[in-house]
Amino acid sequence: MIKIGITGSLASGKTTASKMLSFRRGPLFSADKAVKELYRNKNFKSLIGKKFKIKNNNQIKKYLKNLILEDKKNIIKLEKIIHPLVRKKMRNFT
């Protein structure tokens, strides 16, 4: 099976391009979808809550957004948690 990776900046059309390439041809791994699944996971929300000292895990994205706007270093901390988890999901997919 041929594997194709599509990268690009925010809102550059990665999802549209990947859907077009995979239409009726084979499976598609979406990192965006994997991240959305993480944010629905209780254990993940608990981990993020502890790392960033967020008490209300129900609105975790809202709190993270504010923390990132306050200090850009927080996005790096968040990516260090999310990226390995998404890579693991991607390896399991392939």
message: Do L64 and I75 make a side-chain contact, defined as non-hydrogen atoms from C-beta onward lying under 4.5 Å apart?
response: no
Determine all donor-acceptor pairs shorter than 3.5 Å in which one atom belongs to a side chain in residues 2-20; sequence neighbours excluded.
unit_1	atom_1	unit_2	atom_2	d
S12	OG	S9	O	2.8
K14	NZ	G8	O	3.4
K14	NZ	S9	O	2.8
S18	OG	K14	O	3.1
S18	OG	T15	O	2.9

field: Summary of ring pair (Phe, Tyr, Trp, His ring centres under 6.0 Å) pairs that have at least one residue in residues 5-30, sequence neighbours excluded
entry: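 Non-adjacent pairs meeting ring pair (Phe, Tyr, Trp, His ring centres under 6.0 Å): F29-F93.
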field: side chain to side chain donor-acceptor pair (under 3.5 Å) pairs, two or more places apart, involving residues 81-94
entry: E37-K89
With a 3.5 Å cut-off and sequence neighbours excluded, list the donor-acceptor pairs that the side chains of residues 39-63 form with protein atoms.
unit_1	atom_1	unit_2	atom_2	d
N41	OD1	N43	N	2.7
N41	OD1	F44	N	3.0
N56	OD1	N58	N	3.0

task: Give the other cluster members for L28, using side-chain heavy-atom distances under 4.5 Å between Ile, Leu, Val, Met, Phe, Trp and Tyr residues; answer none if it is isolated.
output: none
- request: Keeping to residues at least two apart or across chains, list the salt bridge (Lys or Arg N to Asp or Glu O under 4.0 Å) pairs with something in residues 70-80.
  value: none
